[in-house]
Amino acid sequence: MTPNTTQERELRVRPIENGTVIDHITAGQSLNVLRILGIPNLSEDVVSVVINASGAHGKKDVVKIENRELNVHEVDRISLIAPNAVINIIRNYDVFDKKQVVIPEHAKGVVRCINPNCISNSSEPVTSKFTVTSDVDKILLRCEYCERVISENIAAHLL
Amino acid sequence: MTFKDLHIISMKDFSRDMIDHILNTAEKLEPIARGMEKSDLLDGKVLSLLFFEPSTRTRMSFETAMMRLGGRVLNLGSLEATSIAKGETLADTIRVVGGYSDAIVLRHPKEGSARMASELVSVPIINGGDGAGHHPTQTFLDLYTIRRESHMDNVKIALAGDLKYGRTVHSLCYALSLYGAEITLVSPKELRMPDEIITDLKTCNIKVTQVDSIEEAISNVEVLYVTRIQKERFPDPAEYQKVASSLLITPQLLKKANPKLKIMHPLPRANEIDPRVDETEHACYFEQSFYGVPIRMALLSLIMGALE
């Protein structure tokens, strides 16, 4: 017997009482989102991940984190690899706040520069810094030190 | 437009108005650079030179520029005799030297080093070359040379040699794009300008054409900018010889040139220009290296607040 939609949804991921649901993550990027959030190393929260779920605009990933509300800084970082992600803050099983990630103008300490000879990849006490621009659904990161541009596979360069 | 305490890091930080102002200031200071007039414009000012890589022209022309204006120069000296040999970071060195001087010229092998330095001190940093990155004072003196020896607006210029790794030509192309230049790129396939720079130029509506030999360009252009082809870029010495000879500038080749053609080279040259060309009206590379003095005088006077 085919389960009905409600049962199917409940079987996949149960609703959470308090925490954050990150929806519409670019398919395949959910594990990188966890990396950005320091999960599981820096966190003991219960986390559920759905990979390749069907969405209105094709496949997507979804991440649910219990008892943790993401701050703006974390959300900005997620936007670099999942620019269409939607952040839902859940309180007492209700959506308390819902907003789409905003691509930040600058990204500091998130990504490593691809230029091995960049000062940000040396032993100097300097944090990587990029100017973020987007070009037709594509995020471009220009290193503010050496001006090298990362245009492909940003997730591979996450710190 | 104020230049006081401005860092000179990358040409991309400068608008056309700012560049024009710097070139105009250099022109006013040129008689002092030639020793025809005396000046104490920078009396009491101290410039520190931190060169972590070899340099002749950049270092000496900064020293001359400072001396001609009555200022003084502090030199880092050999790296072995400094705290850098004890493992001190560049960041710490910059902070310390910032306390000794009114401006710092930095040449360092890492790209972005000058930008980092500019975030650490309140005195202005002048990028004297950061690895394969930028060398803006070279670009300013190149522009000044073009203005003095030819003309700036819509100039027809060919850039020849190593266009892939040559940092001077990348910055120069960007600056020329502000003046509507028509640019011809002359290089063997191995040393072609990176696509992203050509794309950048085309978005500025600059006419860019690429050719393989100088003969194809020489009759049309007003300025020929030649860069050094580095032997070490070629694993095969025979391949280097072939490429170097295909780009050699000879008196014979110049018979086909525009009579007003000016030949520039950032120097040092290897074998790109036949020494017999030095005697022709076309050669202006030694004058070009002199122009580094008035340009650096202008930059120092502006960022130290002695001129507006």
Side-chain angles (χ1 to χ4, degrees), chain A residues 26 35-36 71-74 76-77 79-81 83 103-159, chain B residues 7 9-14 50 52-53 83-97 106-121 125 127-136 139 164-165 167 170-171 173-175 194-201 203:
Chain A
T26 310
R35 243 175 91 196
I36 288 177
N71 62 42
V72 174
H73 182 57
E74 291 168 324
D76 284 354
R77 288 153 63 119
S79 72
L80 299 179
I81 57 167
I103 298 165
E105 288 178 15
H106 301 277
K108 196 172 176 185
V110 189
V111 174
R112 184 185 298 283
C113 180
I114 52 172
N115 174 7
N117 204 41
C118 177
I119 195 76
S120 67
N121 283 325
S122 68
S123 54
E124 295 293 329
V126 57
T127 308
S128 77
K129 259 194 322 190
F130 293 83
T131 303
V132 186
T133 49
S134 53
D135 178 23
V136 200
D137 263 5
K138 196 174 178 184
I139 304 275
L140 300 176
L141 301 179
R142 185 183 290 269
C143 174
E144 293 186 14
Y145 292 103
C146 75
E147 299 183 8
R148 191 75 72 85
V149 174
I150 306 178
S151 57
E152 303 288 338
N153 199 9
I154 290 170
H157 307 292
L158 288 173
L159 280 168
Chain B
H7 301 291
I9 309 293
S10 158
M11 286 311 291
K12 291 189 177 171
D13 301 334
F14 291 87
L50 300 186
F52 291 78
E53 285 191 317
S83 293
I84 293 142
K86 298 177 192 165
E88 186 175 55
T89 60
L90 173 64
D92 281 4
T93 306
I94 287 287
R95 285 192 184 102
V96 169
V97 175
L106 174 68
R107 172 170 288 187
H108 193 274
K110 294 279 181 189
E111 281 106 69
S113 49
R115 183 74 72 191
M116 181 194 78
S118 72
E119 295 172 346
L120 301 173
V121 284
I125 300 288
N127 186 0
D130 59 338
H134 296 281
H135 190 2
T139 305
K164 186 172 181 181
Y165 301 101
R167 62 185 171 195
H170 298 170
S171 297
C173 276
Y174 167 74
D195 284 344
E196 66 262 26
I197 295 178
I198 295 178
T199 310
D200 263 6
L201 291 174
T203 54

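Just so it is clear, the values below take in all heavy atoms, side chains as well, and ignore hydrogens, waters and symmetry mates. Lettering follows sequence order; numbering is per chain, from 1.
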Inset, instruction - Nearest 0.5 Å please: distance from the OG atom of B:S118 over to the OH atom of A:Y145. - result: 8.0 Å

Legend entry - Side chain proximity check, B:E119 to A:K129, heavy atoms < 4.5 angstrom: yes

Legend entry - chain B contact via A:N115 - which portion, at a heavy-atom distance below 4.5 Å: side chain

Legend entry - A:R112 atom CZ: more than 12 heavy-atom contacts under 6.0 Å: no

Inset, instruction - Kindly indicate whether the side chain of B:D130, heavy atoms from C-beta on, has any atom under 4.5 Å from the side chain of A:I119. - result: no

Legend entry - B:K12 atom NZ, over 12 foreign heavy atoms within 6.0 Å: yes

Inset, instruction - Determine the minimum heavy-atom distance between A:E147 and B:H134, stating which atoms define it. - result: OE1-NE2, 3.0 Å

Inset, instruction - Could you check if a side-chain atom of B:K110 sits within less than 4.5 angstrom of a side-chain atom of A:E124, using non-hydrogen atoms only? - result: no

Inset, instruction - Quick one: pull up CD in B:E111 and OG in A:S122 and give me the separation to the nearest 0.5 Å. - result: 11.0 Å

